[in-house]
Amino acid sequence: MDVLDVAMGAPPDGVWGSVAAVFVAFLVLPLLVGQLEHKVMAHMQGRVGPMHAGGFHGWAQLVADGVKFVQKEDTVPDGADRRIFQLAPAVALIPYLVVLVAIPLGPDSAVGQVIDAGIFFVLAVLGVGILGSLMGGWASANKYSLLGALRTAAQLMAYELPLLLAAASVVMAAGTLSLTGILAAFHWWWVPWQLLGAFVFFTAGMAELQRPPFDAPIAPEEIIFGAYTEYSGLRFALFLLAEYAGIVVISALTAVLFLGGWHGPLSDSLGWLWMLLKTAALSFVVIWARVAWPRLRADQIQKFAWTVLVPLALAQLALTGVIKVVIS
């Protein structure tokens with residue numbers, strides 16, 4: 001690549017391979033998490049149906065769900081703002097694709113794009129996804145959808161603060177805002193004294209995804225299905241795909257910030273495997289929480305954020321500051 005190519009904005013060598021790899025991961029990993037949720041819940045709750053589709057271990061259940069969504073009619077309410085209603089699922093989904101570009105999968109160049117302020121970038125982009133729920137709820141011309149969208153926005157505002165504070169603790173420890181830089185500075189003795197921050201970050205991430213037990217904004221017993229009540233067919237499937245993509249992203253970020261990401265035995269050659277295993281294990285925890293814990297009320301969700309997670313995040317930040325001063 002010569003100087004003229006750079007001046008004209010041509011991408012550097014290898015960038016298209018990285019983009020293709022990120023895109024494939026974005027298409028495959030959320031579907032694998034969706035399939036895992038079917039099987040884990042089937043085993044934990046004794047569900048028979050998801051274990052029979054296609055024969056062996058219900059391997060075709062995900063395919064059956066996809067065919068079901070494709071066959072459903074794509075309806076738009078008469079009073080809805082048609083363009084915003086149709087655009088909302090894409091707005092909810094695309095931020096997770098963008099975030100995956102900055103998450104390192106392994107050492108050296110195993111990352112879509114190295115960003116100096118990577119943690120700021122990923123947390124800022126993650127906040128954009130909430131606009132999809134707000135757009136869908138407002139444009140649906142349905143009071144239940146609007147109420148669910150407002151609950152979603154209130155929940156995001158409550159849990160964004162502990163999420164940022166917990167991430168700031170790792171940034172303080174590593175002395176850099178870059179995700180690759182954080183992993184380069186990582187030491188295994190960080191794990192015990194950053195566990196509190198890991199709990200806060202991971203829990204706040206689950207709440208932002210509206211995963212049980214923090215799914216009051218889409219509680220079918222109260223407001224049908226929240227901001228997504230009027231959606232059907234593939235557009236509804238895109239909202240579900242955004243949820244599973246969010247599980248992958250939050251799990252991967254937790255692994256990078258608090259569990260060493262690709263660090264592990266033989267990390268030079270197997271770093272990508274350690275990263276995937278840690279992400280898969282955390283995704284399993286998200287699914288387990290859905291089965292194990294009852295839904296919290298909307299007021300309990302807000303109280304938990306402000307009276308539990310925020311103080312814990314501040315305590316973690318203070319502990320990190322003390323340890324940094326002692327070390328230096």
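- Under the 4.5 Å side-chain contact rule for hydrophobic residues, Leu270 and Val256 share a cluster.
- Remark: Leu234 CG to Gln71 CD distance equals 11.0 Å, nearest 0.5 Å.
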Next on the checklist: Run the side chain to side chain contact (heavy atoms under 4.5 Å, CB included) test on Ile247 and Leu209 for me, step by step, so that the C-alpha distance in whole Å, both residues' side-chain angles and the decisive distance to 0.1 Å come before the verdict.
Outcome noted: CA-CA 8 Å; Ile247 294 175; Leu209 294 175; 4.1 Å; yes
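- Without hydrogens or angle criteria, Gln155 side chain to Ala207 main chain gives a donor-acceptor distance under 3.5 Å.
- The two residues Leu156 and Gly127 come nearest to each other via the heavy atoms CD2-O, 4.2 Å.
- In terms of heavy atoms, Met206 sits closest to Val286 at CG-CG2, 4.1 Å.
- With sequence neighbours left out, Asp81 forms a salt bridge (charged side-chain N to carboxylate O under 4.0 Å, His left out) with no residue at all.
- For the atom pair CG of Leu196 and CZ of Phe201, the computed distance is 14.0 Å after rounding to the nearest 0.5 Å.
- Side-chain contact between Thr152 and Leu134 is absent, with no heavy-atom pair separated by less than 4.5 Å.
- The backbone N or O of Val248 lies less than 3.5 Å from no partner atom in the side chain of Ser283, so there is not a single donor-acceptor pair.
- No donor-acceptor pair closer than 3.5 Å links the side chain of Thr203 to the backbone N or O of Val200.
- Looking only at distances, a side-chain donor or acceptor of Arg235 sits under 3.5 Å from a matching main-chain atom of Gln86.
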Could you list the donor-acceptor pairs under 3.5 angstrom formed between side-chain atoms of residues 88-96 and any protein atom two or more places apart in sequence or on another chain?
none

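- Side-chain contact check for Leu165 versus Leu314: some heavy-atom pair is nearer than 4.5 Å.
- When all heavy atoms of Pro107 and Ser267 are compared, the closest pair comes out as CG-O, 3.6 Å.
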Next on the checklist: The test is side chain to side chain contact (heavy atoms under 4.5 Å, CB included); show your working for Val170 and Phe258 and say whether it passes.
Outcome noted: CA-CA 7 Å; Val170 180; Phe258 299 98; 3.3 Å; yes
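- Nearest heavy-atom pair across Ile301 and Pro213 is CD1-O, 4.4 Å.
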Checklist entry - What's the verdict on side-chain hydrogen bond (donor to acceptor under 3.5 Å, both in side chains) for Thr180 and Ser178, showing C-alpha distance, side-chain angles and the deciding distance? => result CA-CA 5 Å; Thr180 54; Ser178 169; 2.8 Å; yes
Checklist entry - How far apart are the C-alpha atoms of Trp262 and Leu105, what are their side-chain angles, what is the distance that settles it, and do they pass the side chain to side chain contact (heavy atoms under 4.5 Å, CB included) test? => result CA-CA 7 Å; Trp262 47 261; Leu105 179 62; over 6 Å; no
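- In this pair, Trp193 and Trp190 present their aromatic rings perpendicular. The plane angle is above 60°, beyond the 30 to 60° band.
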Next on the checklist: Assess the residue pair Trp306 and Phe304 against the criterion (ring-ring contact (aromatic ring centres under 6.0 Å, His included)); give the C-alpha distance rounded to whole Å, side-chain angles, the decisive distance to 0.1 Å, and a yes or no.
Outcome noted: CA-CA 6 Å; Trp306 295 107; Phe304 183 72; over 10 Å; no
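- Glu230 and Thr75 are not linked by any side-chain donor-acceptor pair at a separation below 3.5 angstrom, with hydrogens and angles left out of the test.
- Other residues, nucleotides and ligands contribute at most 12 non-hydrogen atoms within 6.0 Å of the CG atom of Asp116.
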Item to check | Tyr231/Ser140 under side chain to side chain contact (heavy atoms under 4.5 Å, CB included): CA gap, chis, key distance, verdict | outcome: CA-CA 8 Å; Tyr231 283 90; Ser140 293; 4.1 Å; yes
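- In terms of modelled atom types and a separation under 3.5 Å, the side chain of Trp274 and the main chain of Pro265 share a donor-acceptor contact.
- At least one side-chain heavy atom of Thr176 sits under 4.5 Å from a side-chain heavy atom of Ile182.
- Between the CG atom in Leu31 and the CZ atom in Phe26 there is a gap of 9.5 Å [rounded to 0.5 Å].
- Side-chain contact between Ile115 and Leu177 is absent, with no heavy atoms from C-beta onward closer than 4.5 Å.
- In this structure the side chain of Val33 never reaches within 4.5 angstrom of the side chain of Leu29, judged on heavy atoms.
- Evaluation of the salt bridge (charged side-chain N to carboxylate O under 4.0 Å, His left out) rule for Glu208 yields no partner, not counting sequence neighbours.
- Under the 3.5 Å distance criterion, the side-chain polar atoms of Lys324 are left unmatched by any main-chain donor or acceptor of Gly175.
- Linking ILVMFWY side-chain heavy atoms closer than 4.5 Å, directly or via other members, places Met172 and Leu161 in a single hydrophobic cluster.
- For the pair Glu160 and Leu123, the tightest heavy-atom approach, listed with the atom from each and the gap, is OE2-O, 3.9 Å.
- Under a hydrophobic-cluster definition in which Ile, Leu, Val, Met, Phe, Trp and Tyr are linked whenever side-chain heavy atoms come within less than 4.5 Å, directly or via other members, Val111 and Phe120 are assigned to different clusters.
- Distance check, rounded to the nearest 0.5 Å: CD of Gln194 to CZ of Phe186 gives 9.5 Å.
- Atom NE2 in His263 sits 7.5 Å away from atom CH2 in Trp188 (nearest 0.5 Å).
- For the side chain to side chain contact (heavy atoms under 4.5 Å, CB included) test with Val40, the passing option among Glu37, His43, Met44 is Met44; the others fail.
- Taking every heavy atom of both residues into account, Met275 and Gly261 meet most closely at SD-CA, 3.7 Å.
- Note on Val128 and Ile103: separate hydrophobic clusters, where clusters join Ile, Leu, Val, Met, Phe, Trp and Tyr whose side-chain heavy atoms are under 4.5 Å apart, directly or indirectly.
- For the atom pair CG (Leu183) and CG (Leu259), the distance works out to 10.5 Å, reported to the nearest 0.5 Å.
- Shown here is Asp299, whose CG atom has more than 12 heavy atoms of other residues, nucleotides or ligands within 6.0 Å.
- Using a 4.5 Å heavy-atom cutoff, the side chains of Lys68 and Asp65 are in contact.
- Hydrophobic clustering, with ILVMFWY side chains joined whenever heavy atoms are under 4.5 angstrom apart, groups Leu282 together with Val28.
- Checking each of Val22, Val101, Val98 against Gln113 for a side chain to side chain contact (heavy atoms under 4.5 Å, CB included) leaves exactly one that passes, namely Val101.
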